[in-house]
Amino acid sequence: MFPQYDTIVVGAGHAGCEAAVAAANMGSKVLLVTMNMNTIAQMSCNPAMGGVAKGQIVREIDALGGYSGIVTDHTMIQFRLLNKSKGPAMWSPRAQSDRMLFAGKWREMLEAHPNIDFWQEMVVGLIVKDNVVKGVHTSLGLQIESKTVILTNGTFLNGLIHIGEKQFGGGRAGEKAATGLTAQLETLGFESGRMKTGTPARVDGRSLNWDIMEEQSGDEVPGKFSYVETPTLKKQRPCHITYTNDKVHEILKTGFDKSPMFNGRIRGLGPRYCPSIEDKINRFADKDRHQLFVEPEGWNTCEIYVNGFSSSLPEDIQYKAMRLIPGFENAKMFRPGYAIEYDFFQPTQLKLNLETRLIRNLFFAGQINGTTGYEEAGAQGLMAGINAHQKINDLEPFILKRSDAYIGVLIDDLVNKGTKEPYRMFTSRAEYRILLRQDNSDLRLTPLVDQLGMNGLEKRMQRVGEKEEKIKEIQTFIRNLSVGPDELNTYLESKKSSALKQKLKLEKVLSRPFIDLESIRNHLPVLDEYLSKQDPEFITSAEIGMKYEGYIRKEKEMVDKMNRLESVKLHDSFNYEDLKALSAEAREKLTELKPMTIGQASRISGVSPSDISILLVHLGR
């Protein structure tokens, strides 16, 4: 009935979709298995992509040939570039999406791919022989063979939904949990745990009083995620902001005795940075209000997502409290919020290519690795899909360093440190963030996947070459353009910047704080005429490269130092127990994690600088 596939992807959420596309674009024959073909790429929680650090990840996924950015550009209803008041390392794109269009566009793109087949059924087990995965078992008793398997099960592994004192099995509201896999993986030697996440109630937008809420519009000139040609957003839907208050909090507290979070029924740890409303009230008792973002679910629906009001309290308590929020006095609820517990596996059981250490050719990606968020999941799926193809073709694994991408930081953190709570990416986790900006993801990453031989990158590489040339051209123009006091002193005075006493190159003026090309061009007709003919994205990258040249150079020097450690290889067969000079903790951690390089070893918790020195001496370095 089935051929032998190169890769079977289990689960069609954000990780599974990107894994299928990545392996297929590398040339592998892929089977995407999902329990429900109608929920492919479902936005299970908020209807948005990107955000702080997450937006950088979406741009990196796009630069690596993934589809998340393309789908978002086709289906977004609002776009904002966050943190514009801060430095460019912090600028983070975020888009509100039309939930139904988003899933529909993903399915359309997947079905258009000749290398992807589909099967709707639950996978209940793996075919494993001699510690090598050979395929999957399904609930109908079918055996489907493949050379690799990628598990992207999301919140479905033994998923348990909690609403007050009620609990029932499910991987998402209205969908059953996946069973069987965890038990088998545990018998194979894997360490599993439980995590928790939650989602807020959905409400009827027709019942809200929008006039008393604060409107939050999109950018006047909306941007995009993808580096390829995608539609430009012509109109946008606003979001709104409102706040909880003491009365809301008092009502919510009346349900704390029935809260599964507080009475011990939920064993899994929830996300620290996206807590439920009851958790916020408990942890931040000094706060008399909490901000809520009221987000539309799409162009043609009245369904509203109440971001910041995630809850697992009884539904009647949620409803009473919600109606005390300004603007929600007459709110009608579509469904209550809930918490969900699910199984995950410590990511320290993986190699940096996301292949498991215990079972060869088996890869994990997404929430099964303890992460939270569509973007983190999609990034892991993409990397697992590429590496599954690399593995079966006896090619080198594709591993991004921390200095290459936020995706490199994400995977390095997971594999070397593990996680005790749902992992979420932040700009602060990336030590080289001035190099890992959202504007240069294509320059950093597209050439890397092109070298791997990924299909369909011709236009992308052409644009990368054009972008590099144009950035240099713009920078050369600015470096050669002289400006005088008569032209700029009025402008500089308005910016509280010292006046020019003689002619200077524009580059020198641009290096000053609070001076930028967009505002300065209005005072220099020759500059305005030149820049009006250039791509705004190329102008931004050229300006950042000049304005932050010193910082960029320092970070590159730091990267060069770290890369010297990354070039010193270690092997799986290395016997750390024989090196008695190492600390006991270092011997234990190094034996367990089997780092591929000295650089990776240096980032493992419990391995000290003196341990690294001992390793280098032993290796003759």
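A side-chain donor from one of S44 and R172 sits under 3.5 Å from a side-chain acceptor of the other. In the model, Q600 has a side-chain atom that pairs as donor or acceptor with a side-chain atom of N416 under 3.5 Å. For the residue pair S192 / E186, a side-chain donor-acceptor distance below 3.5 Å is found, with atom types taken as modelled. Side chains of E375 and S68: a donor-acceptor N/O pair is absent below 3.5 angstrom, by distance only.
Listed for the Y338 side chain is a donor-acceptor partner under 3.5 Å among the backbone atoms of A173. Distance alone, capped at 3.5 Å, places no donor-acceptor pair between the T148 side chain and the N361 backbone. In terms of modelled atom types and a separation under 3.5 Å, the side chain of T155 and the main chain of G171 share a donor-acceptor contact. Between the side chain of N158 and the backbone N or O of D343, no donor-acceptor pair lies under 3.5 Å. Between the side chain of Q184 and the main chain of L126, a donor-acceptor pair closer than 3.5 Å is present. Checked by atom type and distance alone, the side chain of E145 never pairs as donor or acceptor with a backbone atom of G135 at under 3.5 Å. The backbone N or O of S226 lies less than 3.5 Å from a partner atom in the side chain of D73, making a donor-acceptor pair.
Looking at T356, V9, N353, I368 one by one, the single match for side-chain contact (heavy atoms from CB on, under 4.5 Å) with F363 turns out to be N353. M425 pairs in a side-chain contact (heavy atoms from CB on, under 4.5 Å) with only one of the listed residues (T371, V52, L410, T372), which is L410.
For the residue pair N131 and L358, the shortest heavy atom distance occurs at CB-O, 3.9 Å. The minimum heavy-atom distance between R587 and E577, with the atom names listed, is NE-OE1, 3.5 Å. Shortest non-hydrogen contact noted between Q120 and M35 is CG-O, 3.5 Å.
No more than 12 heavy atoms of other residues, nucleotides or ligands shown are found within 6.0 angstrom of CD on E229. No more than 12 heavy atoms of other residues, nucleotides or ligands lie within 6.0 Å of CE in M596, so this atom counts as exposed by the packing criterion. Residue N575 qualifies as enclosed at atom CG: its count of foreign heavy atoms under 6.0 Å is above 12. Residue E396 qualifies as open at atom CD: its count of foreign heavy atoms under 6.0 Å is 12 or below. The environment of K29 atom NZ is dense: over 12 non-hydrogen atoms of other residues, nucleotides or ligands sit within 6.0 angstrom.
Ring geometry, F2 versus W119: the interplanar angle exceeds 60°, so the pair is classed perpendicular (tilted spans 30 to 60°). Relative ring orientation between F79 and F225 is described as perpendicular, the plane-to-plane angle rising above 60° on a 0-90° scale split at 30° and 60°.
Here the two rings, on F344 and Y342, have centers that are 6.0 Å apart or farther. Aromatic rings from F102 and H14 are positioned such that their centres are separated by under 6.0 Å.
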Quiz prompt | Residue pair R357, E592: steps toward the salt bridge (Lys or Arg N to Asp or Glu O under 4.0 Å) verdict | solution = CA-CA 10 Å; R357 298 180 187 282; E592 176 190 352; over 6 Å; no
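One finds no salt bridge joining R603 and E431 here, because no Lys/Arg side-chain nitrogen approaches an Asp/Glu carboxylate oxygen to under 4.0 Å.
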